[in-house]
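Keep in mind that this is a model prediction, so the values were computed, not measured.
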Amino acid sequence: MRLKKIVFLLAIPLFISTHAAFSQGYKVKTIVIDAGHGGPKSGAAGSYSLEKNVALKVALKLGKKFEEEMPDVKILYTRKTDIDVEFHKRAALANDNKADIFISIHCNSMPDRRVLTGYTTKRGKKVAQYASVKNTSTSGTETFVAGSHRLNEQDAAIRENADIKLEKNYKENYDGYDPNDPETFIILSLFKNTFRDKSLKLARLIQDAYTNDSKRVNRGVKEQGLLILQRCGMPAVLTEIGFISNPNEEDYMNSADGQDEIVNSIYKAVKTYKKETEIN
């Protein structure tokens, strides 16, 4: 009940400020770039690289691209080194600086598959034996926006939100939120994303650029209860730039050419978004 009351009270000024901002005109003046994970929160692991490091390299290159090509836009980073930044502080940085766009960079990963390897006999009974096998074939990009989601879509949200439990005082910082409890996603639906349409627009542009420019597999735009996006009071996306569990994509995301292609796709999408949404 306490969380619902807090969410309701926070939603009122957000709705008012949003309505005022768009009625007066909209310009992209500040962009926050978030490199996912960091420090002890390594994220997904590939055969030789970690998500936190790949995300940071891409985030820094993306920021540099914006700084060179859009000098009139202020670029902020949630982290520029291998440090741990709590989720609520990442969103707070964007909110406090009145950012116009929030972009979070992540790598995707598929869990190991459990396969039957044979049978053994114990006490006269046939017992199945299983082993874990790496899932290395899944590939592609997908981009998330904040939203309530169906029960069968909770896996990605639980995975990305799990880092919260590694933070000190996470229950106080997130009003009792438990990332392992599916029932809490009902509460997340109360966080109304005032910028949902613009977030969806930006996400689609990013996905289209990945596909059209780099021929990446398009896994689509998805709405998920990702807490970091739910707390951002501006158009916000979390883009999964590839599967680190796939050897080919891991190589691609770690290569200079691959990172440049990813950066150029995101930059092109933001440039188009900026052109199509700005109001004089």
Side-chain angles (χ1 to χ4, degrees), residues 3-4 6-18 21 28-39 41 43 51-52 55-56 59 62-63 74-81 83-106 143-149 156-179 184-185 187-200 202-203 206 222-240 266 270:
L3 175 59
K4 292 181 180 180
I6 291 173
V7 171
F8 177 75
L9 292 175
L10 288 175
I12 294 175
L14 176 61
F15 175 80
I16 294 173
S17 62
T18 301
V28 176
K29 299 178 181 178
T30 303
I31 298 174
V32 170
I33 300 174
D34 172 52
H37 308 283
K41 304 169 185 175
E51 177 182 3
K52 67 173 184 177
L56 180 59
L62 178 60
K74 183 179 181 180
I75 305 301
L76 299 174
Y77 304 83
T78 58
R79 68 181 182 96
K80 300 181 78 171
T81 59
I83 60 172
D84 173 22
V85 181
E86 296 178 350
F87 276 27
H88 70 99
K89 291 182 180 179
R90 297 175 192 241
L93 172 72
N95 294 332
D96 293 346
N97 285 278
K98 297 179 173 59
D100 302 290
I101 296 175
F102 180 92
I103 303 172
S104 188
I105 309 294
H106 285 251
T143 301
F144 295 91
V145 302
S148 57
H149 53 289
I158 291 174
R159 183 183 70 246
E160 294 297 351
N161 290 344
D163 276 358
I164 293 169
K165 293 196 75 173
L166 299 178
E167 298 179 9
K168 293 181 179 180
N169 303 319
Y170 79 90
K171 289 187 177 180
E172 288 78 7
N173 291 334
Y174 301 103
D175 308 307
Y177 174 83
D178 181 356
T184 61
F185 292 113
I187 298 176
L188 277 181
S189 67
L190 296 173
F191 285 92
K192 298 299 183 181
N193 186 351
T194 312
F195 299 94
R196 178 178 177 276
D197 289 344
K198 282 184 166 52
S199 296
L200 286 169
L202 177 57
I206 290 174
K222 300 176 182 179
E223 296 185 59
Q224 290 281 6
L226 301 175
L227 194 60
I228 192 169
L229 298 182
Q230 298 280 10
R231 293 216 162 196
C232 289
M234 74 283 305
V237 299
L238 185 153
T239 185
E240 302 273 10
I266 298 174
V270 172

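- Asp100 meets the salt bridge (charged side-chain N to carboxylate O under 4.0 Å, His left out) test with no other residue; sequence neighbours excluded.
- In terms of heavy-atom proximity, Met234 sits nearest to Ala99 at CB-O, 3.3 Å.
- Between Leu229 and Phe144, the shortest heavy-atom distance links the atoms CD1-O, 3.6 Å.
- Listed here is the closest heavy atom pair of Gly36 and Ala55: N-CB, 3.8 Å.
- Across Tyr77 and Gly63, no two heavy atoms sit closer than the pair OH-CA, 3.1 Å.
- Under the rule for a side-chain contact (heavy atoms from CB on, under 4.5 Å), the partners of Leu200 that lie at least two apart in sequence or sit in another chain are Val145, Arg196, Arg204, Val221, Glu223.
- Exactly one of Val237, Asp197, Thr143 qualifies for a side chain to side chain contact (heavy atoms under 4.5 Å, CB included) with Leu202. That residue is Val237.
- No donor-acceptor pair closer than 3.5 Å links the side chain of Lys52 to the backbone N or O of Lys41.
- When every heavy atom of Ser199 is checked against every heavy atom of Ala236, the shortest pair comes out as OG-N, 3.0 Å.
- Among the candidates Leu62, Asp34, Leu56, the single residue satisfying the side chain to side chain contact (heavy atoms under 4.5 Å, CB included) test with Ile105 is Leu62.
- Under the 4.5 Å side-chain criterion, counting only non-hydrogen atoms from C-beta, Lys222 is not in contact with Glu240.
- Checked against side-chain contact (heavy atoms from CB on, under 4.5 Å), Leu93 has the following partners two or more places apart in sequence or in another chain: Val32, Thr78, Asn97.
- Residues His37 and His106 have side chains in contact (heavy-atom distance under 4.5 Å, counting atoms from C-beta outward).
- By the 4.5 Å heavy-atom criterion applied to side chains, Arg79 and Asp84 are not counted as neighbours.
- Taking CG of Leu226 as the reference point, atom CZ of Phe87 lies at 8.5 Å (rounded to 0.5 Å).
- Rounded to the nearest 0.5 Å, atoms CD1 (Ile75) and CD1 (Ile31) are 4.5 Å apart.
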